[in-house]
Amino acid sequence: MKIHEFQAKRIFRQNHIPVPDGDVAVDPQKAVKIAQNIGKFPVVVKAQIHAGGRGKGGGVKLAHSLEDVSHHADAIIGMNLVTHQTGPEGKRVKQVLVESGVDIEKELYLSLIPDRETACVLVIASEAGGMDIEEVASKTPEKIIKVRINPLSGIQPFHCRKVSYGLNLPKPVIKAFSQMLNRLYQLFIEKDCSLVEINPLVITKQNSVIALDAKMDFDDNALFRHKGILELRDLDEEDPLDVEASKYNLNYINLDGTVGNMVNGAGLAMAVMDTIKLAGAEPANFLDVGGGATAEMVENGFKIILSDDKVKGILINIFGGILRCDVLAKGVVEAAKKTKINVPLVVRMEGTNVEEGRRILAESGLSLFTAVDMKDAGEKVARIGV
Ligand code: ADP
Ligand code: MG
């Protein structure tokens, strides 16, 4: 789960990680009040959306007077902000962060993520931080340093030294930076984060270290033990179909293609998406109805897929294990009747009671295509779905 920059900065502040003074506003009047409270210029007005690249997209503006603040807040609130992370459709801005402008000497990059391969927390840092970090990573990867921290022993002074030296930090900055990295690591662990990213982390002309941007992402599976974090969820920032699917406890992710698909088991679901692509079409979603899927879950899955206008054909691929094929077939028939499926359906199933399942589908009167194997299923649905 992602949160906004202003929310992440509040969490940083509570954890004594330095951030500029500031607050969030939903209208220009409030923005001006915040700027008055800050009491000095410049201040920065920043669009709050769950995507980066706001600076380049025109969502971060410097203001030198209260009129400027009001003008920028008015222009940014309500705008449709398009950045390289929002996709071409952009995101509607509902609120801005108004914060103190910082006198920047140098912009660094710093992030923490779980490294699944080594089961460590990976610290990624670069002295070439700022808005072009993607380019730095692709053109001059040697400027990106990586330090792994074993969560069993936790962060140690040598980790901080490694990152500090890798960043070529000036001596007077190292202590403050190390303290910050320590606190970020503790925060990362305590809140079950899947990402903490600060870009840019700036060194000021007075040699202090300040987080100028703040991104936090939390492991959804751990949110049950962080009620306070869960309250920060902004459903407007999430895909409406993803939100709907989460109400049914479905493991669903909306994608760009035209072939809807419903599968039991995440591994099989990924293999099905590969098969669809291999056959020349694009999946419209990822949907794992779960190993122990019920007829009701199948029906809910259908509802979600069918409410997606892009979908031109649906592929169901179920391995009947815990869920027997005959039960599944009944579920499909029921759901098809109730939800009035208006696109062609290709069904491939295998496993327990498969013959009975196929008979139920064949006698259902539904216009559906059965497939004998994955390849056949992919090819059949690709012919319809593209
Ligand atoms: P994004 O990553 O979405 O583009 P950032 O918060 O990183 O948004 O802001 C973009 C750029 O704007 C930063 O790299 C920095 O140069 C500048 N900036 C952002 N906040 C401030 C601030 N408080 N003071 C001075 N400059 C800022
Ligand atoms: Mg940034």
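Worth saying up front: this structure is predicted, and the values here are computed from it rather than measured. When a ligand or atom number is given, it counts from 1 through the structure's own listing order. Atom set for the values below is all heavy atoms of this structure, side chains included, hydrogens, waters and symmetry mates excluded.
By the 4.5 Å heavy-atom criterion applied to side chains, Leu232 and His4 are not counted as neighbours.
Contact annotation for atom 17 (C) of ligand 1: protein absent (non-hydrogen atoms, distance under 4.0 Å).
Atoms of ligand 1 lying under 4.0 Å from at least one heavy atom of Ser100, given by number and element, are 22 (C), 23 (N), 24 (N). Taking a cut-off of under 4.0 Å to the non-hydrogen atoms of Gly101, the atoms of ligand 1 that pass are 24 (N).
The residue from Glu197, Met131, Glu5, Lys46 that puts a heavy atom closest to atom 6 (O) of ligand 1 is Lys46. With Leu62, Ile133, Val60 as candidates, the residue nearest to atom 12 (O) of ligand 1 on a non-hydrogen basis is Val60.
By the 3.5 Å distance cut-off applied to N or O atoms, Lys56 is not counted among the residues near ligand 1.
Look at Met131 and the Mg ion (ligand 2): no N/O/S atom of the residue is under 2.8 Å from the metal.
Panel note: side chain Asp256, backbone Ala284; no donor-acceptor pair is recorded below 3.5 Å.
Remark: minimum distance from atom 25 (C) of ligand 1 to any protein heavy atom is reached at Val102 N, 3.5 Å. Scanning the protein heavy atoms around atom 8 (O) of ligand 1, the nearest turns out to be Arg54 NH2, 3.1 Å. Regarding atom 4 (O) of ligand 1, its nearest protein heavy-atom neighbour is Gly55 N, 2.8 Å. Looking at atom 5 (P) of ligand 1, its nearest protein heavy atom turns out to be Asp213 OD2, 3.4 Å.
The existence of a salt bridge linking Arg359 and Glu363 is confirmed by a sub-4.0 Å separation between a basic side-chain nitrogen and an acidic carboxylate oxygen.
Note: angle at the Mg ion (ligand 2), from O of Asn199 to OD2 of Asp213, is 100° (rounded to 10 degrees).
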